[in-house]
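These notes are about the structure you will find just below.
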Amino acid sequence: MEKEAKIGRSAAARQIKGRLLPRSFYEASPELVAPCLLGKLLAHHTSRGVIAGRIVEVEAYLGPHHNTPDPASHSYRGPTPRNQVMFGPPGHAYVYAIYGMHFCMNVTCDVDGVAGGILIRALEPVVGLHQMARNRGLGVNAAQRLLTSGPGRLCQALGLTREAHNGLDLTKRNSPLQIIDDKNVICDVAVTVRIGIRNAVDLPLRFTISGHTCVSGPRNLAPKRIFTP
DNA sequence: GCAGTGATTTGCT
DNA sequence: GCAAATCACTGCG
């Protein structure tokens with residue numbers, strides 16, 4: 001009980017201060033933008049307050065115009081009603097339903113008209129931990145990594161749905177959903193193959209903050225390489 | 001390990 | 001049109 005109260009106070013005391021990432025940040029290819037998102041804050045402004053987490057794991061999904069074919073990407077076969085957001089301007093949220101019960105959130109990137117997306121796979125909870133636990137249907141003393149470690153979990157924790165958030169512009173000042181650079185410095189970035197997919201399983205397009213406890217998936221997945229940004 | 005769940009797309013008529 | 005296959009997941013055993 002004592003511990004939960006302490007977490008609640010420290011989270012509430014924190015302010016989200018930093019620079020809203022501009023449109024130009026997202027105008028490059030997914031494999032270039034993806035590692036740059038690590039360490040940034042994903043913030044959802046709700047009527048109940050702010051819920052935010054630090055991005056610790058992402059995956060790049062390449063568009064059909066890219067040199068490397070990516071059959072795992074939703075945009076692989078061209079635009080459809082579901083994936084049209086990916087073919088629009090960069091810096092927008094592409095939220096879709098999967099397996100009948102989960103949502104996943106991508107950030108669109110590359111220039112307008114060229115598809116590209118980055119799946120946000122895991123966050124480190126930073127602000128609104130009690131609300132995250134409520135949204136996830138967990139007790140307030142649930143382990144932090146159960147809140148936002150996994151693409152479905154983080155959407156549930158932040159209260160993101162396709163109906164309410166698909167197509168939102170993340171670069172607008174008044175957007176309820178934003179990505180903010182608070183100058184947090186990260187150490188090592190590990191590059192691995194993507195997980196949870198059937199096609200194009202060999203492409204090294206998953207980026208994680210190396211060793212971070214909130215990263216999802218198998219702990220023993222060997223990195224293809226590690227670099228310091 | 002695998003069941004649960006439903007939207008989405010593809011491939012037939 | 002309609003049926004079948006697919007799916008970037010999670011939670012339970």
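When reading the values below, keep in mind they use all heavy atoms of this one structure, side chains included, and skip hydrogens, waters and symmetry mates. To find a chain, count down the sequence lines: A is the first, B the second, and so on, and within it residues start at 1.
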If I take atom [atom1] in residue [X] and atom [atom2] in nucleotide [N], what distance separates them, rounded to the nearest angstrom?
| X | N | atom1 | atom2 | answer |
| --- | --- | --- | --- | --- |
| A:Leu160 | C:dC9 | CG | P | 16 Å |
| A:Leu146 | C:dC9 | CG | P | 17 Å |
| A:Met101 | C:dC7 | CE | P | 16 Å |
| A:Asn106 | C:dC7 | CG | P | 16 Å |
| A:Phe103 | C:dC9 | CZ | P | 15 Å |
| A:His102 | C:dG11 | NE2 | P | 7 Å |
| A:Arg194 | C:dC9 | CZ | C1' | 16 Å |
| A:His74 | B:dT9 | NE2 | P | 9 Å |

Indicate the atoms forming the closest heavy-atom contact of [X] with [Y], along with that distance.
| X | Y | result |
| --- | --- | --- |
| A:Ala43 | A:Ile180 | CB-CD1, 4.3 Å |
| A:His165 | A:Leu160 | ND1-CA, 3.5 Å |
| A:Tyr94 | A:Arg82 | CE1-O, 3.4 Å |

Categorize [X] for me: base, sugar-phosphate, or nothing, with a 4.0 angstrom heavy-atom threshold over every strand shown.
| X | answer |
| --- | --- |
| A:Arg198 | sugar-phosphate |
| A:Arg206 | nothing |
| A:Ala72 | base |

Next on the checklist: Atom CZ of residue position A:Arg219 - does it have more than 12 heavy atoms of other residues, nucleotides or ligands inside 6.0 Å?
Outcome noted: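 Above 12, so yes.
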Next on the checklist: With a 3.5 Å limit on both atom pairs, tell me what B:dT5 is paired to, counting Watson-Crick and G-U wobble, or say none.
Outcome noted: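 Because no pair has both required distances under 3.5 Å, B:dT5 counts as unpaired.
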For [N] and [X] - does any side-chain N or O of the residue sit under 4.0 Å from the phosphate oxygens OP1/OP2?
| X | N | result |
| --- | --- | --- |
| A:Arg77 | B:dT9 | no |
| A:Arg153 | C:dG11 | yes |
| A:Arg136 | C:dG11 | yes |
| A:Asn199 | C:dC7 | yes |

Next on the checklist: Nearest to the side chain of A:Arg82, heavy atoms from C-beta on, is which of B:dT8, C:dA8, B:dG4?
Outcome noted: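 Of the options given, the side chain of A:Arg82 lies nearest B:dT8.
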Next on the checklist: If you assign A:Tyr99 and A:Asn83 each to the DNA chain B nucleotide with the nearest heavy atom, which residue ends up on the more 5' nucleotide?
Outcome noted: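 Going by which nucleotide is closer to the 5' end, it is A:Tyr99.
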Item to check | Donor-acceptor pair (no angle test) under 3.5 Å: A:Tyr96 side chain, C:dA8 base | outcome: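 Indeed, a donor on one side and an acceptor on the other fall under 3.5 Å apart.
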Item to check | Check: A:Glu163/A:Thr161 side-chain N/O donor and acceptor closer than 3.5 Å | outcome: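 Looking only at side-chain atoms, A:Thr161 and A:Glu163 do not form any donor-acceptor pair under 3.5 Å.
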